[in-house]
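Here the structure comes first, spelled out in structure tokens, and everything after it is commentary.
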Amino acid sequence: MGTLQDAFGRHIHYLRLSVTDRCNFRCVYCLPQGCAKGPESAPLSLEEIERLARGFARLGFWKVRLTGGEPTTRPDIAEITRSISDIPGIRRVGLTTNGYRLAGIASALCGAGLTSLNVSLDSLDPERFARLTGCSRLESIVAGVEAALAAGIPSVKVNVVLLQDLCDRELDQFLAWTRHLPLGIRFIELMQTGENGAFFRQHHLSAEWMRRMLQSRGWGRLAREESDGPAKYYGRSGHVGKVGLIAPYTAGFCETCNRVRVSSTGNLRLCLFGGEEIPLRHLLQSHTQEDDLVRLIESSIEAKPASHRLQQGHCEATTNLASIGG
Ligand code: SAM
Ligand code: SF4
């Protein structure tokens with residue numbers, strides 16, 4: 001079947017699903033105090049996740065990414081991956097992780113059908129990494145990235161949030177990583193959220209700065225590929241990997257949006273920065289509800305907004321990205 005189109009003619013076929021709102025890191029721009037104490041609002045179960053993904057697959061969604069919070073805090077993350085990759089019509093299953101457990105589970109994830117892995121790693125300097133995340137295990141996360149490549153996960157990317165104190169030496173360390181490994185390293189502009197306004201104003205670094213840095217180091221723009229998503233990629237001869245830039249503040253960024261999100265408790269979000277949530281969980285209790293689920297998703301997508309309006313400072317509805325998965 002064809003894919004769904006929204007009111008602006010965009011083809012929507014990509015589901016980003018948060019499987020938990022819990023996280024074991026304290027990234028300075030996301031959860032500087034760590035995640036809220038107290039019991040977690042029960043996240044979707046394996047069965048609910050499978051029913052949800054089946055509903056989306058019936059509407060032509062062929063790509064699902066698992067995110068969080070930190071998705072690997074769920075002991076059943078490999079089973080979730082397997083259950084989604086087995087659904088007819090789903091061609092890609094991705095995972096975005098802080099990499100904390102990766103070295104130990106990379107090969108199980110690959111065996112479960114994971115096709116794309118994004119590891120968030122903002123610094124290759126152990127002290128700066130610990131300051132940014134509250135985690136002192138940089139070495140094991142780097143080992144996890146290499147284990148994922150060795151396990152044969154088809155696409156492995158590293159996400160680096162651009163921050164003012166990224167120094168030349170560190171930038172060159174990241175670029176050097178792409179010399180011999182087929183990694184995609186993506187530099188992402190920091191986004192303002194409801195909670196990080198003061199941090200954002202002090203630390204935001206534009207993707208344009210990074211583009212000039214790449215240009216001055218001999219990196220050139222690569223032809224666009226279908227799997228590039230919102231990133232613009234650069235390459236350099238002698239490097240097997242590539243470098244991407246994601247610039248959400250650039251005009252026209254939302255024109256190619258192809259995704260919707262579902263929170264860990266089963267609420268549909270049409271835009272990362274859209275406040276409205278459409279509850280789906282009540283339609284995930286039995287497979288006999290699948291037709292109703294499909295109808296609700298289909299009718300909701302018509303209301304997907306044209307743009308996130310971040311440029312106008314419209315960010316209050318999203319307190320932090322851990323709440324919906326980034
Ligand atoms: N815990 C997992 C991780 O860190 O990969 C998945 C969830 S995290 C919210 C997903 C991505 O959002 C990470 O790459 C993180 O760096 C990014 N992120 C979080 N807050 C952000 C912000 N304010 N601006 C830009 N990216 C952000
Ligand atoms: Fe946790 Fe990811 Fe947010 Fe860092 S960016 S605090 S790892 S959810």
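Just follow the structure's listing: the first ligand is 1, and inside any ligand the first atom is 1. All values derive from a computational prediction rather than experimental measurement.
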Checklist entry - Does some side-chain heavy atom of Ser120 sit less than 4.5 Å from a side-chain heavy atom of Thr96? => result yes

Next on the checklist: Checking Phe199 now: which residues fulfil ring pair (Phe, Tyr, Trp, His ring centres under 6.0 Å) with it, not counting sequence neighbours?
Outcome noted: His203

Item to check | Residues that Glu79 engages under side-chain contact (heavy atoms from CB on, under 4.5 Å), provided they are two or more places apart | outcome: Leu46, Asp76

Next on the checklist: Could you tell me if the side chain of Asn258 sits less than 4.5 Å from the side chain of His11, heavy atoms only?
Outcome noted: no

Item to check | Atoms of the protein (N/O/S only) found under 2.8 Å from atom 1 (Fe) of ligand 2 | outcome: Cys23 SG

Checklist entry - Between Phe187 and Phe174, how do the two ring planes meet: parallel, tilted or perpendicular, split at 30° and 60°? => result perpendicular

Enumerate, one pair per line, all nitrogen or oxygen atoms of ligand 1 lying under 3.5 Å from a protein nitrogen or oxygen, stating the separation to 0.1 Å; write 'none' if no such pair exists.
{"from": "ligand 1", "atom 1": "1 (N)", "to": "Gly69", "atom 2": "O", "distance (Å)": "2.9"}
{"from": "ligand 1", "atom 1": "1 (N)", "to": "Glu70", "atom 2": "OE1", "distance (Å)": "3.1"}
{"from": "ligand 1", "atom 1": "4 (O)", "to": "Ser120", "atom 2": "OG", "distance (Å)": "3.4"}
{"from": "ligand 1", "atom 1": "5 (O)", "to": "Thr97", "atom 2": "O", "distance (Å)": "3.3"}
{"from": "ligand 1", "atom 1": "5 (O)", "to": "Ser120", "atom 2": "OG", "distance (Å)": "2.5"}
{"from": "ligand 1", "atom 1": "14 (O)", "to": "Ser120", "atom 2": "OG", "distance (Å)": "2.7"}
{"from": "ligand 1", "atom 1": "16 (O)", "to": "Tyr29", "atom 2": "OH", "distance (Å)": "3.0"}
{"from": "ligand 1", "atom 1": "23 (N)", "to": "Met191", "atom 2": "O", "distance (Å)": "2.9"}
{"from": "ligand 1", "atom 1": "24 (N)", "to": "Met191", "atom 2": "N", "distance (Å)": "2.8"}

Next on the checklist: Quick one about Tyr29 and Asn320 (side-chain donor to acceptor, distance below 3.5 Å, no hydrogens or angles considered), yes or no?
Outcome noted: no

Checklist entry - Would you call Asp228 and Lys232 a salt bridge, using N to O less than 4.0 angstrom? => result no

Checklist entry - Are Ser116 and Arg65 linked by a side-chain donor-acceptor pair shorter than 3.5 Å? => result yes

Item to check | Side-chain touch Ser123/Glu170, heavy atoms, less than 4.5 angstrom | outcome: yes

